[in-house]
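A short write-up of the structure that comes next.
Counting from 1, the numbers follow the sequence of the chain as shown.
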Amino acid sequence: KLLTAIASGSPPDLAAGGLPYQELWARGAATQLDDLLAKSKQIDKSDIPAGAWHSASFKGKTYGVPAIEAFARFGLVMDMTNLQKYGIDPKTLSSDWDTVTQLQQQYTKTASDGSITELGIDPLSDEGGNFRDGFYFGSAWNVTYFDEATNKYNFANDALADALATVKKLYDVAGGPAKIAAFRKQHGQWNATATAAMPAGVEDMVITGYFAPGQLKHTAPNREFAATWAPVPTAHKGFKAQVIGSHNLLIPQGAKHVAEGFALTEFMVGDTACQALFDGEGFLGARLSFLKKIDVTKYPGLDFFIASATQSDHLGGIIVDPILSYSSQQWGAAMTDVIAGKTQPQAALQQLQQQVTAEYQRSFPQE
């Protein structure tokens, strides 16, 4: 809809939300903001981590301003109301996939008809399955799927093959993709409603972002939650990975009120808007000075995410992939086929590599 509005000459003056930001930058659909940022007295670029600016930029030019919801993407959030009875301590839990697979086997419960009544973890729920938001599997397996300098894709590798195999094993242990799909149909994701799996107390663990503690405080106030490092493969046991970024405010190309759009951007990055977002939803931008002011005890588990930005072994930004939507779609298709047993991980990734390479060449024939 946004691209259609831009093409018709009637874009909004400011936009944000579930957008493929990098594609908009690559297509020339957003206004370059460097001059406005240089003159701004409200936005200090050094007050926002470089990782967040990374995905707001393309080829050395800035098109977005990290705001609204743009902080740490990955952690393992645990329902301690369920897990305490098993003796799980979030401070000592080994956050590797062999350990999590064992927990999956122990804690997943089924009814007499075989349907899942309590799920240990769906590794593709929330941020685990959200390819656009930092690509968890690349972060955990320490591999970059796209080289922004050479425009080359790197899906066909042993690390991501192991990631696919790991997800299939987690699904198989829980009874297979059909049972998890039925569970998902009954229980939602993202913790924003009381009927979603985590707030309802029927999913013990989820890979999700810093915003989860705030959402869970609102949707499941009587349950106890904790957070620790998102799982990594056992070969990398102890590796602490984190990614900063996500949403941006952007002024679409052709907007008729650029100055007003940027003024609203400045307001949305400021303390008043940031505090309202934090109080209402647990959302955080990425302003370091504001992060120092917040009361992390307001949302149990948030302290882990705040600390993770400085305690991680690798703090990355979201990869700027000019065909992000297509890459996301094809990665999801490859994962689905592997989980269903239709293909092996290596074969799925070889096909994926060919597909994204061809699509990039079609979309950007001059590069």
- Message: Is there a path of hydrophobic side-chain contacts, each under 4.5 Å between heavy atoms of I/L/V/M/F/W/Y residues, joining Met78 to Val100?
- Response: yes
- Arg73/Asp133 under salt bridge (Lys or Arg N to Asp or Glu O under 4.0 Å): CA gap, chis, key distance, verdict: CA-CA 7 Å; Arg73 308 320 306 170; Asp133 237 6; 2.7 Å; yes
- Message: Nearest 0.5 Å, please: how far is CD in Gln215 from CZ in Phe211?
- Response: 6.0 Å
- Message: If I take atom CG from residue Asn191 and atom OG from residue Ser125, how far apart are they, to the nearest 0.5 angstrom?
- Response: 7.5 Å
- Could you tell me whether Glu203 and Arg184 have a side-chain N and a carboxylate O separated by less than 4.0 Å? yes
- Task: Take Trp229 and Phe239 through the ring-ring contact (aromatic ring centres under 6.0 Å, His included) test and state the conclusion after the steps.
- Result: CA-CA 9 Å; Trp229 297 100; Phe239 180 70; 9.3 Å; no
- Could you tell me how the ring of Tyr153 sits relative to the ring of Phe146: parallel (under 30°), tilted (30 to 60°) or perpendicular (over 60°)? tilted
- Task: Test Tyr171 against Asp122 for side chain to side chain donor-acceptor pair (under 3.5 Å), laying out the working first.
- Result: CA-CA 8 Å; Tyr171 268 58; Asp122 177 358; 2.7 Å; yes
- Check the pair Leu2, Leu24 against side chain to side chain contact (heavy atoms under 4.5 Å, CB included), reporting the backbone distance first and the verdict last. CA-CA 10 Å; Leu2 182 59; Leu24 298 176; 4.0 Å; yes
- Can you check whether His257's main-chain N or O pairs, donor with acceptor, with Asp13's side chain at less than 3.5 Å? yes
- Message: With a 4.5 Å cut-off on side-chain heavy atoms, are Tyr145 and Phe131 touching?
- Response: yes
- Contact check, side chains of Pro123 and Val167, non-hydrogen atoms, under 4.5 Å: yes
- NZ/NE/NH1/NH2 to OD/OE distance under 4.0 Å, Asp147 and Lys152: no
- Item | From CA spacing to verdict: side chain to side chain donor-acceptor pair (under 3.5 Å), Glu118, Thr108 | CA-CA 5 Å; Glu118 182 180 332; Thr108 298; over 6 Å; no
- Item | Note, Leu284 side chain near Leu277 side chain (heavy atom, < 4.5 Å) | no
- If you count the non-hydrogen atoms of other residues, nucleotides and ligands that lie under 6.0 Å from CD in Gln105, is the total more than 12? no
- According to a 4.5 Å side-chain heavy-atom criterion applied to Ile, Leu, Val, Met, Phe, Trp and Tyr, with indirect links allowed, do Phe183 and Leu124 form part of one hydrophobic cluster? yes
- I would like to know whether Thr62 and Gln32 meet side chain to side chain donor-acceptor pair (under 3.5 Å); could you show each step before the answer? CA-CA 6 Å; Thr62 309; Gln32 186 182 337; over 6 Å; no
- Query: Is a side-chain donor or acceptor of Tyr326 paired with a backbone partner of Pro322 at a separation under 3.5 angstrom?
  - Reply: no
- Any chance you could measure Gln22, atom CD, to His54, atom NE2, to the nearest 0.5 Å? 8.5 Å
- Query: Is the backbone of Leu37 close enough, under 3.5 Å, to the side chain of Ser40 for a donor and an acceptor to pair up by distance?
  - Reply: no
- Has Lys39 got more than 12 heavy atoms of other residues, nucleotides or ligands less than 6.0 Å from its NZ? no
- Query: Which atom pair, heavy atoms only, marks the closest approach of Thr219 to Ala194?
  - Reply: O-CB, 3.7 Å
- Task: Using a 4.5 Å cut-off on heavy atoms from C-beta on, say whether the side chain of Phe262 contacts that of Ile43.
- Result: yes
- Message: I'd like to check Phe71 versus Ser246 (side-chain heavy atoms, cut-off strictly below 4.5 Å). Are they in contact?
- Response: no
- Task: Taking the side chain as every heavy atom from C-beta outward, state whether Pro20 and Arg132 have any atom pair closer than 4.5 Å.
- Result: yes
- Message: Hydrogens and angles aside, do Gln253 and Tyr63 bring a side-chain donor and acceptor to less than 3.5 Å of each other?
- Response: no
- Could you give me the CA-CA distance, side-chain angles and deciding distance for Ile251 and Leu33, then say whether side chain to side chain contact (heavy atoms under 4.5 Å, CB included) is met? CA-CA 8 Å; Ile251 299 175; Leu33 302 177; 4.0 Å; yes
- Output for pair (Lys109 NZ, Asp204 CG), nearest 0.5 Å, gives 7.0 Å
- Any chain of hydrophobic side-chain contacts (each under 4.5 Å) joining Ile244 to Leu324? no
- Query: Does any donor atom in the side chain of Thr208 or Glu127 lie under 3.5 Å from an acceptor atom in the other side chain?
  - Reply: no
- Using 4.0 Å as the upper bound for N to carboxylate O, is an ion pair formed by Asp34 and Lys61? no
- Message: Check whether Gln355 reaches the backbone of Gln330 with its side chain - one donor and one acceptor, N or O, closer than 3.5 Å.
- Response: no
- In terms of side-chain heavy atoms, does Glu224 have a donor or acceptor partner in Thr81 at a distance below 3.5 Å? no
- What are the two closest heavy atoms between Phe74 and Ala230, and how far apart are they? CB-CB, 4.1 Å
- Does Val232 offer a backbone N or O that forms a donor-acceptor pair with the side chain of Asp96 under 3.5 Å? no
- Query: Would Val206 and Trp190 satisfy side chain to side chain contact (heavy atoms under 4.5 Å, CB included), going step by step from the backbone distance to the final call?
  - Reply: CA-CA 9 Å; Val206 66; Trp190 295 110; over 6 Å; no
- Query: Would a 4.5 Å heavy-atom cut-off, applied to side chains only, mark Arg287 and Asp271 as touching?
  - Reply: yes
- Message: In this structure, would Leu83 and Leu170 fall into the same cluster of hydrophobic residues linked by side-chain contacts under 4.5 Å?
- Response: yes
- Has the side chain of Asn248 got a donor or acceptor atom that lies under 3.5 Å from a matching backbone atom of Leu250? no
- Item | Min side-chain heavy-atom separation Val243-Ile318 under 4.5 Å | yes
- Message: Does the plane of the ring in Trp331 sit parallel, tilted or perpendicular to the ring in Phe137? Use 30° and 60° as the thresholds.
- Response: tilted
- Measure from the side-chain N and O atoms of Asn157 to the backbone N and O of Asn154, and report whether any donor-acceptor pair falls under 3.5 Å. yes
- Item | Hphob cluster co-occupancy, Val173 + Ile180, side-chain heavy atoms under 4.5 angstrom | no
- Report yes or no: does Trp25 contribute a side-chain atom to a donor-acceptor pair with the main-chain N or O of Ser55 at less than 3.5 Å? yes
- Given the side-chain rings of Phe278 and Phe283, with only the six-membered ring counted for Trp, is the space between their centroids under 6.0 Å? no
- Is there a donor-acceptor contact under 3.5 Å from the side chain of Tyr299 to the main chain of Ala212? no
- Kindly determine whether Asn82 and Val202 satisfy side chain to side chain contact (heavy atoms under 4.5 Å, CB included), including the steps that lead there. CA-CA 9 Å; Asn82 283 349; Val202 295; over 6 Å; no
- Ser139 side chain vs Phe135 backbone, donor-acceptor pair below 3.5 Å: no
- Task: Answer yes when Asp79 and Arg223 have at least one side-chain N-carboxylate O distance shorter than 4.0 Å, and no when they do not.
- Result: yes
- Hey, which of Met335, Gln346, Gln344 is the one that makes side-chain contact (heavy atoms from CB on, under 4.5 Å) with Leu164? Met335
- Value for CG (Leu160) from CG (Asp158), rounded to nearest 0.5 Å, stands at 9.5 Å
- Message: Working to the nearest 0.5 angstrom, can you tell me the gap between Ile116 CD1 and Gln186 CD?
- Response: 10.5 Å
- Task: Verify the distance criterion only: is there a donor paired with an acceptor across the side chains of Thr101 and Asp98 at less than 3.5 Å?
- Result: no
